[in-house]
Novice: 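Below are the structure tokens for one structure; questions will follow.
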There are 2 protein chains.
Amino acid sequence: MEDLTATLDKVLHLATLVGADLARFERESELTTARTHLLWVLGATGPSTQQSLASALGVSARNVTGLVDGLVSSGHVSRAAHPTDRRATLVTPTAKGEVVIHSLVEGHGQLARRLFERVPAERLAVFAATLDDTIATFTRLMEETQ
Amino acid sequence: MEDLTATLDKVLHLATLVGADLARFERESELTTARTHLLWVLGATGPSTQQSLASALGVSARNVTGLVDGLVSSGHVSRAAHPTDRRATLVTPTAKGEVVIHSLVEGHGQLARRLFERVPAERLAVFAATLDDTIATFTRLMEETQ
DNA sequence: TATTGTTATACTCTATAACTATA
DNA sequence: TATAGTTATAGAGTATAACAATA
């Protein structure tokens, strides 16, 4: 019983450490968490409208306006005309933004390697499978509670 | 190689789901994340000065003033005189605050049980041990990078 | 002199609502 | 009529700096 809570706490502790690592990156890049998240999404999806960024980030369109304003000021993204829809703007990383996105992806992969490369393959398989099961259990629980 | 990043992503995904569950609790309690965090610390440590809350939360003293102001307004905590240091105030949960703290602890334990109770004991042991190792590896890495 | 908490000020993230331009 | 983005407005979280009371 007690073990189960301790185990959940360990998952959260590890996530907190990863967050602290990201916070260090943000300080060095002079970026905030919200803007870094937007850049991350942009890196994963490519040039996007602000509406699609709002959906991906789970925030309001107004909020995206502010985040993009900040990233334009800092030179990480630019607004470009949408090729077919004149209402929309395409948010695109600048060269500076691309560097940050590349560092993010690289840093994330490097952290994963450093954390897990010494873990024996069978243990890592059990670890990953347990995470999968737990995520599936959680998803089912949330659907039940609607 | 690719697996390692995917595994780290799963840890973060699970933590995000737990965060979403907490967000639901916060909506129902009409509390914000920062104020809920303060209540959680208060539940773990007992009545505290604002300075010690600032250290525990990793935020400025000024910030704690604002969070406590909000929690006093909502009736979750009260400020009391410190028994020996007349500069300091002791932040103490009210009856209403105690109910929230109890729900937090209870909900957290219940979630852990629901998530992990079906996992076979040996697998859970491997899972927890891997988390311990990974956290230790991370801590060592951060110390090295100073 | 150092510490505790507050006032003053400012920036970021967040939201809803009203508005403009376009579909 | 609906959608994309902005202006207007507001609240919460966060920070630093200056200040008062107390140690």
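Here is how names work: the chains are called A, B, and so on, in the same order as the sequence lines, proteins then strands, and each is numbered from 1.
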Novice: Which nucleotide, dC13(C), dG5(C), dA23(C), lies nearest any side-chain atom of Ala34(A)?
Specialist: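 Selected nucleotide (nearest to the side chain): dC13(C).
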Novice: Side chains of Ser52(A) and Thr49(A) only: does a donor on one sit below 3.5 Å from an acceptor on the other?
Specialist: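 Result is yes, a qualifying pair exists.
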Novice: Which of the following nucleotides, dT14(D), dA4(D), dC13(C), is nearest to the side chain of Leu67(B)?
Specialist: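 So the side chain of Leu67(B) is nearest to dT14(D).
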Novice: Look at all strands and tell whether Ser52(A) reaches a base, only sugar-phosphate, or nothing, counting heavy atoms closer than 4.0 Å.
Specialist: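 Nothing: the residue Ser52(A), judged by heavy atoms under 4.0 Å, touches no strand.
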Novice: Could you check whether Thr33(B) and Glu26(B), counting side-chain N and O atoms only, form a donor-acceptor pair closer than 3.5 Å?
Specialist: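 Glu26(B) vs Thr33(B): donor-acceptor pair found between side chains.
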Novice: Rounding to a whole Å, what distance do you find between Gln51(A):CD and dT22(C):C1'?
Specialist: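 One finds 13 Å between C1' of dT22(C) and CD of Gln51(A), rounded.
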Novice: Closer than 4.0 Å, any side-chain N/O of Gln50(B) to the OP1 or OP2 of dT4(C)?
Specialist: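 Negative; the distance criterion is not met.
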Novice: Counting heavy atoms from C-beta on, name the nucleotide in dT14(C), dA8(D), dT6(C) closest to the side chain of Asn63(A).
Specialist: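 Nearest listed nucleotide: dT14(C).
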Novice: Got a donor-acceptor pair under 3.5 Å from the side chain of Arg87(B) to the base of dT3(C)?
Specialist: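 Between dT3(C) and Arg87(B), which were checked side chain against base, a qualifying N/O pair under 3.5 Å is present.
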Novice: Output the rounded distance in Å from CG (Leu57(B)) to C1' (dA12(D)).
Specialist: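 So the CG-C1' distance, Leu57(B) to dA12(D), works out to 15 Å.
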Novice: Hey, is the side chain of Ser60(A) poking within less than 4.0 Å of OP1 or OP2 on dT14(C), counting only N and O atoms?
Specialist: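 For dT14(C), OP1/OP2 do not have a side-chain N/O of Ser60(A) under 4.0 Å.
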Novice: On DNA chain D, check which nucleotide each of Arg35(B) and Asp69(A) is closest to and give me the residue with the more 5' one.
Specialist: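 It is Asp69(A) whose nearest nucleotide is closer to the 5' end.
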Novice: Under 4.0 angstrom, heavy atoms only, what part of the nucleic acid is Thr49(B) near: base, sugar-phosphate, or nothing?
Specialist: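 Sugar-phosphate contact only - Thr49(B) comes under 4.0 Å of backbone atoms but never of a base.
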Novice: In whole angstrom, what separates Leu31(B)'s CG from dA12(D)'s C1'?
Specialist: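 It works out to 13 Å between those atoms.
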Novice: Of the listed nucleotides (dT6(C), dA15(C), dT22(C)), which one gets closest to any side-chain atom of Val59(A)?
Specialist: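 Per side-chain heavy atoms of Val59(A), the pick is dA15(C).
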Novice: If I take atom CG in residue Asp85(A) and atom C1' in nucleotide dG5(D), what distance separates them, rounded to the nearest angstrom?
Specialist: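 The answer, rounded to whole Å, is 11 Å.
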Novice: Looking at dT3(C), I'd like to know if its phosphate oxygens (OP1 or OP2) sit under 4.0 Å from a side-chain N or O belonging to Arg86(B).
Specialist: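 The answer is no; no side-chain N or O of Arg86(B) sits under 4.0 Å from OP1 or OP2.
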Novice: Would you please say whether a donor-acceptor pair under 3.5 Å links the side chains of Thr45(B) and Ser48(B)?
Specialist: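 Yes, a side-chain donor-acceptor pair sits under 3.5 Å.
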Novice: Any salt bridge linking Asp3(B) with Lys10(B)? Criterion: basic side-chain nitrogen under 4.0 Å from a carboxylate oxygen.
Specialist: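 Lys10(B) and Asp3(B): not salt-bridged.
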Novice: What is the distance, rounded to the nearest whole Å, between atom NE2 of His82(B) and atom P of dT4(C)?
Specialist: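 Computing the His82(B):NE2 to dT4(C):P distance gives 10 Å.
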Novice: Rounded to whole Å, how long is the line connecting atom CG of Leu53(A) with atom P of dG5(D)?
Specialist: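 So the CG-P distance, Leu53(A) to dG5(D), works out to 9 Å.
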Novice: Measuring from the side chain of Arg62(A) (C-beta onward, heavy atoms only), which nucleotide among dC13(C), dG5(C), dA17(C) has the closest atom?
Specialist: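 When the side chain of Arg62(A) is considered, dA17(C) is the closest of dC13(C), dG5(C), dA17(C).
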Novice: Classify the ring geometry between Phe127(A) and Phe116(A) as parallel (under 30°), tilted (30 to 60°) or perpendicular (over 60°).
Specialist: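 Ring orientation of Phe127(A) relative to Phe116(A): tilted.
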Novice: Taking 4.0 angstrom as the limit, do Asp133(B) and Arg123(A) come out as a salt bridge?
Specialist: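 Salt bridge flag = yes for Arg123(A) with Asp133(B).
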Novice: Rounded to the Å, how far apart are Leu38(A) CG and dC13(C) P?
Specialist: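 Taking atom P of dC13(C) as the reference, CG of Leu38(A) is at 10 Å.
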Novice: Answer with base, sugar-phosphate or nothing: what part of the nucleic acid does Thr65(B) contact at a heavy-atom distance below 4.0 Å?
Specialist: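 Base, at least one base heavy atom under 4.0 Å.
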Novice: Does Arg27(B) place a side-chain N or O at less than 4.0 Å from the phosphate oxygens OP1/OP2 of dA15(C)?
Specialist: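 Checking dA15(C) against Arg27(B), no side-chain N or O comes under 4.0 Å of OP1 or OP2.
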Novice: Heavy atoms only, 4.0 Å cut-off, all strands: where does Thr89(B) land among base, sugar-phosphate and nothing?
Specialist: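 Here Thr89(B) touches the backbone only, sparing every base.
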